[in-house]
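To start, the structure itself, in structure tokens.
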Amino acid sequence: MIGQKIGILGGGNLGRSIAVGLVKSRKMKPENIYISRRKDHLLDDLKKLGLKTGNDNLALAEFSDVIILAVKPRQALEVLGAIKSKLRKEQILISVVTGIKMEQLEQAAGNKPSIYRAMPNTAIAIQESMTCIATKSGDEKKREIVFSIFDLLGRSIKIEEELMNAATVLAACGIAYALRFIRAASQGGIEIGFDSITAQLVAAQTVKGAAGLLLEGKEHPEKEIDKVTTPMGCTIAGLNEMEHQGFSSSLIKGIITSYNKI
């Protein structure tokens, strides 16, 4: 059970997903989570789960041992500046905001809390996020607290800050890429005879299984592919046709295009 009180500044999609994931983990008491949003009536459903909700960011800062900054990038530094007077040296500040560097966060927060940057994805709501975390802090105890929070919500790894944009593309944008593959596979499934609901179920579970083989077995994807491809078989025929049509190259180009856009 995590004993720290967590405040989430920002009740949009990501902030809400973090809050819901923490509650679902059953490793945090709902009353130890405080989430704020300007239009706090939009958090009424979370309030019914036992979470503290409101639009008073100063009260949230006073309440929290760990503050998760989950607002829009253009709002991040202003929001931190507004609560700077209530921040404390012993606190932890985790930003899940894209594009705002630790140096900027430190200045806006008055160099008080220990600063972390984290890049989760929306699967955090079902405790299946891939979260990349960066920090300059050498405090091992605080580091353990941060990783213990995100390990409740999926898997987490430590990276250098210069890789945060790459983490955004591969992990956060990657959810959309994977979903687009499932959608396309479902459409193909419909064309070969399945109804739409069954095709989506088969495609989604198959992708989940494929990911599980890599995560649990720790093998290279090609090794698992070799187990499915037989001489003159239908799998290799389909794979070769996909490659002829630019499957791998288009995915790689898409990732690089997203990265350049950041």
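This structure is a prediction, so every number in the text was calculated from the model and none was measured. Index from 1, following the sequence.
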Could you walk me through whether Leu213 and Glu219 pass the side-chain contact (heavy atoms from CB on, under 4.5 Å) check?
-> CA-CA 8 Å; Leu213 287 173; Glu219 298 284 3; over 6 Å; no
Answer yes or no: are there more than 12 heavy-atom neighbours, outside Gln75 itself, under 6.0 Å from its atom CD?
-> yes
Check against side-chain contact (heavy atoms from CB on, under 4.5 Å), Leu42 and Asp44 = CA-CA 6 Å; Leu42 297 175; Asp44 286 348; over 6 Å; no
Pairwise distance CD(Gln4) to CD1(Ile67) - rounded to 0.5 angstrom | 13.0 Å
Could you tell me whether a side-chain N or O of Ser250 sits under 3.5 Å from a main-chain N or O of Phe247, the two making a donor and an acceptor?
-> yes
Have Tyr259 and Thr168 got a donor and an acceptor in their side chains that come within less than 3.5 Å?
-> no
Give the cluster check for Ile35 versus Leu14: same hydrophobic cluster or not, with ILVMFWY residues linked at side-chain heavy-atom distances below 4.5 Å.
-> yes
Return yes when atom CG of Asn13 has more than 12 non-hydrogen atoms of other residues, nucleotides or ligands closer than 6.0 Å, and no otherwise.
-> no
Would you kindly say whether Gln187 and Glu191 are connected by a side-chain donor-acceptor distance under 3.5 Å?
-> no
Is the closest side-chain donor-acceptor distance between Glu243 and Ser248 under 3.5 Å?
-> yes
State whether the number of non-hydrogen atoms from other residues, nucleotides or ligands found under 6.0 Å of Lys253 atom NZ is greater than 12.
-> no
Going hydrophobic residue to hydrophobic residue with side-chain gaps under 4.5 angstrom, can you get from Ile92 over to Ile100?
-> no
Do other residues, nucleotides or ligands put more than 12 heavy atoms under 6.0 Å from the CD1 atom of Ile197?
-> no
Are Ile83 and Ile8 connected in a single hydrophobic cluster, I mean Ile/Leu/Val/Met/Phe/Trp/Tyr linked by side-chain heavy atoms less than 4.5 Å apart?
-> no
Presence of salt bridge, Lys141 and Glu144, under 4.0 angstrom | no
Between Lys142 and Ser114, a side-chain donor and acceptor under 3.5 Å = yes
Cation over ring face, Arg183 and Phe181, 6.0 Å, 45° = no
Give, for atom CG of Asp151 and atom NZ of Lys27, the distance between the pair rounded to the nearest 0.5 Å.
-> 12.5 Å
Take atom CZ of Phe147 as the centre, draw a 6.0 Å sphere, and report whether it contains more than 12 heavy atoms from other residues, nucleotides or ligands.
-> yes
Do Leu170 and Ile252 sit in the same hydrophobic cluster, where Ile, Leu, Val, Met, Phe, Trp and Tyr count as joined when their side-chain heavy atoms come under 4.5 Å apart?
-> no
Quick one: are Ser137 and Tyr116 in side-chain contact, heavy atoms under 4.5 Å?
-> yes
Evaluate the side-chain proximity of Lys89 to Pro113: yes if any heavy-atom separation is below 4.5 Å, no if none is.
-> no
Is it true that atom NZ of Lys72 has more than 12 heavy atoms of other residues, nucleotides or ligands lying nearer than 6.0 Å?
-> no
Inspect the surroundings of CD in Glu162 and state if more than 12 heavy atoms from other residues, nucleotides or ligands are less than 6.0 Å away.
-> yes
To the nearest 0.5 Å, atom NE2 of His220 lies from atom CG of Asp226 at 10.5 Å
From NE2 (His244) to CG (Leu239), nearest 0.5 Å | 11.0 Å
How would you list, by chain and number, every residue that makes a side-chain contact (heavy atoms from CB on, under 4.5 Å) with Lys84, sequence neighbours excluded?
-> none
Residue pair Tyr177 / Val169: nearest heavy atoms and the distance that separates them = CE1-O, 3.7 Å
Heavy-atom check, side chain of Ile6 versus side chain of Asn32, under 4.5 Å | no
Quick check: does any side chain N or O of Gln91 sit under 3.5 Å from a backbone N or O of Arg88, one acting as donor and the other as acceptor?
-> yes
Correct closest heavy-atom pair for Asn121 and Ala172 would be CB-CA, 3.8 Å
In short, Thr53 meets Tyr34 closest at the heavy-atom pair C-CE2, 4.0 Å
Decide, yes or no, whether a salt bridge links Asp45 with Arg16 under the criterion of side-chain N to carboxylate O below 4.0 Å.
-> yes
Any Val79 side-chain heavy atom under 4.5 Å of Asn57 side chain | yes
Does a side-chain heavy-atom distance below 4.5 Å link Ser95 with Ile115?
-> no
Looking only at heavy atoms, what is the nearest atom pair of Ala125 and Val20, with distance?
-> O-CG1, 4.1 Å
Could you walk me through whether Arg117 and Glu161 pass the salt bridge (charged side-chain N to carboxylate O under 4.0 Å, His left out) test, one step at a time?
-> CA-CA 8 Å; Arg117 288 183 65 190; Glu161 186 179 18; 3.1 Å; yes
Should the heavy atoms of other residues, nucleotides or ligands under 6.0 Å from CD of Glu103 be counted, would the total exceed 12?
-> no
If you measure from the Lys or Arg side-chain nitrogens to the Asp or Glu carboxylate oxygens, is any gap between Glu31 and Lys29 under 4.0 Å?
-> no
Determine the minimum heavy-atom distance between Thr131 and Ala118, stating which atoms define it.
-> CG2-CB, 4.0 Å
Is any side-chain heavy atom of Leu153 closer than 4.5 Å to a side-chain heavy atom of Ile126?
-> no
Ser36 side, atom OG; Asn55 side, atom CG - distance, nearest 0.5 Å = 8.0 Å
Write down the atom of Leu77, the atom of Gln104, and the distance for their closest heavy-atom approach.
-> CD2-O, 3.8 Å
Could you walk me through whether Val96 and Met119 pass the side-chain contact (heavy atoms from CB on, under 4.5 Å) test, one step at a time?
-> CA-CA 6 Å; Val96 295; Met119 181 48 59; 5.8 Å; no
May I ask you to test the Met28-Ile33 pair for a side-chain heavy-atom distance under 4.5 Å?
-> yes
Are Val146 and Leu69 grouped together when hydrophobic residues (ILVMFWY) are joined by side-chain heavy atoms under 4.5 angstrom apart?
-> no
Evaluate side-chain contact (heavy atoms from CB on, under 4.5 Å) for Leu152 paired with Ser148, printing each intermediate quantity in order.
-> CA-CA 6 Å; Leu152 292 178; Ser148 68; over 6 Å; no
Can you tell if the side chain of Ile68 reaches within under 4.5 Å of the side chain of Leu93, non-hydrogen atoms only?
-> no
Judged by modelled atom types alone, do Asp195 and Thr198 share a side-chain donor-acceptor pair under 3.5 Å?
-> yes
So how far is it from Thr206 OG1 to Lys208 NZ, rounded to the nearest 0.5 Å?
-> 12.0 Å
